[in-house]
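For ligands, and for the atoms within them, numbers begin at 1 and follow the listed sequence. Keep in mind that this is a model prediction, so the values were computed, not measured.
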Amino acid sequence: MALIVHKYGGTSVGNVERIKNVARRLAKWHRAGHQLVVVVSAMSGETNRLIALAKEIQASPDPRELDVVASTGEQVTIGLLAMALKELGLKAKSYTGWQVHVLTDSAFTKARIIEIDEKKIRADLAEGTIVVVAGFQGADEFGNVTTLGRGGSDTSAVALAAALKADECLIYTDVDGVYTTDPRIVPEARRLSTITFEEMLEMASLGSKVLQIRSVEFAGKYKVKLRVLSSLTDADMPLEEEARSGTLITYEEDKLMEKAVISGIAFTRDEAKITLTRVPDRPGIAYQILGAIADANIDVDMIVQNISVDGMTDFSFTVQRSEYAKAMEVLNTKVKDHIGAERIIGDPKICKVSVVGIGMRSHVGIASQMFRALAEEGINIQMITTSEIKISVVIDDKYLELAVRVLHKAFGLDQAPA
Ligand code: ASP
Ligand code: MG
């Protein structure tokens, strides 16, 4: 007998038929003798609908009240799933986040989980009850309802698995695992049977939407055994087969690892680049530029500063495209004259493409292989950043799909590793 956390995303509980299907799948796991905690999202599209309603009343909705509204989608699905389980003759109980004491900080719309009191859940499990918990939500120390940021149910599931020291956390979703890249761009993309936490973290922060970044951080920190798999398979498929399907997020030491140098190609479309030209090269300049940007609550991604010529340098950085206009305004009104920059040049039509793989640590020449593949297609690289296990480049966004395709091929990702 194992204690297992299942998580079902919005598509997986998108209508009544699918909810019944989830119940059948859970019944199968229950029959095999496992203790089950299930975390669900709102029905697909529901959270968007709720946020849109709020925006019809307030252009930027009051965060506390927005969380009250946005968290309701999950309350519907927990109740419906518990009913579907009861219809199958199983014992089930639904709980909102605050009922099982998912304690968070008070950062409305992006709260962080501090602690989960798992006593109530354990008592139910001991009686053979399937515990259904609403994802995405919690409450702060004052009892205010909070939500964990879009896609936050993944984090709820992993946090519960950590708190309960579950044997495994299964994230059921509408794709059958983690792919080498987005199959909509590269049809030859392959499902990875394993990927390391570090790689998954890079993939998630670099644009892969399979898991919320925070859930991967959490799983890595608390060593939660995490698997991403499809909820759209036949609910009655043999359990042993299902338990091995999808992608296992694993540790580097594990023997199961595929032996590829590069595991995947990630990308983000919605980026913008800003350059300040002929900035005096003296201490405090980077701080004055990026300090003003940070004060406006804008996240900066890549940063590049040129070597200085005649005491002047160029300074470039990237931001999310949605924050581009705001960033340009801050620079033009608060920074440019102040620091004596010559010009501010913006380009909101760039994207970032990254190759990710822990094999980079032990292989040389990955960067040159990447740059050659892009050069052969005449794709100009505008910025480069690297970490131990990834190389990212900024390019013109009209080359995004081409770049992803050629890199996927150049690193042999369309072929199963030997
Ligand atoms: N329902 C929330 C959202 O759409 C949380 C989740 O699905 O994970 O972002
Ligand atoms: Mg999701």
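For D62 and R64, the salt-bridge test fails: no basic side-chain N is under 4.0 Å from an acidic carboxylate O. By the 4.0 Å N-to-carboxylate-O rule, K390 lies too far from E199 to be salt-bridged with it.
Within the 4.0 Å heavy-atom shell around ligand 1 one does not find Q212. The closest approach between a heavy atom of G152 and any atom of ligand 1 is below 4.0 Å.
When each atom of ligand 1 is checked for a heavy atom of G151 under 4.0 Å away, the hits are 3 (C), 5 (C), 6 (C), 8 (O), 9 (O). Below 4.0 Å from some heavy atom of T47 lie the following atoms of ligand 1, by number and element: 1 (N), 2 (C), 3 (C), 4 (O). Within ligand 1, counting atoms from 1 as listed, the ones closer than 4.0 Å to a heavy atom of R150 are 3 (C), 4 (O), 9 (O). Those atoms of ligand 1 that come under 4.0 Å of a heavy atom in S41, given as number and element, are 6 (C), 7 (O), 8 (O).
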task: For the pair I262 and L413, evaluate side chain to side chain contact (heavy atoms under 4.5 Å, CB included) and give the outcome as yes or no after the intermediate values.
output: CA-CA 8 Å; I262 298 300; L413 290 175; 4.2 Å; yes
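Ring orientation note: the planes of Y8 and Y172 are close to parallel, at an angle under 30° on the 30°/60° scale.
In summary, of the residues considered (R269, R321, K352), a side chain to side chain donor-acceptor pair (under 3.5 Å) with D397 occurs for R321 alone.
Within the 4.5 Å cutoff, the side chain of L290 has heavy atoms near those of the F315 side chain.
Proximity of E74 to ligand 1, defined as any heavy-atom pair under 4.0 Å, is confined to the side chain (atoms from C-beta onward).
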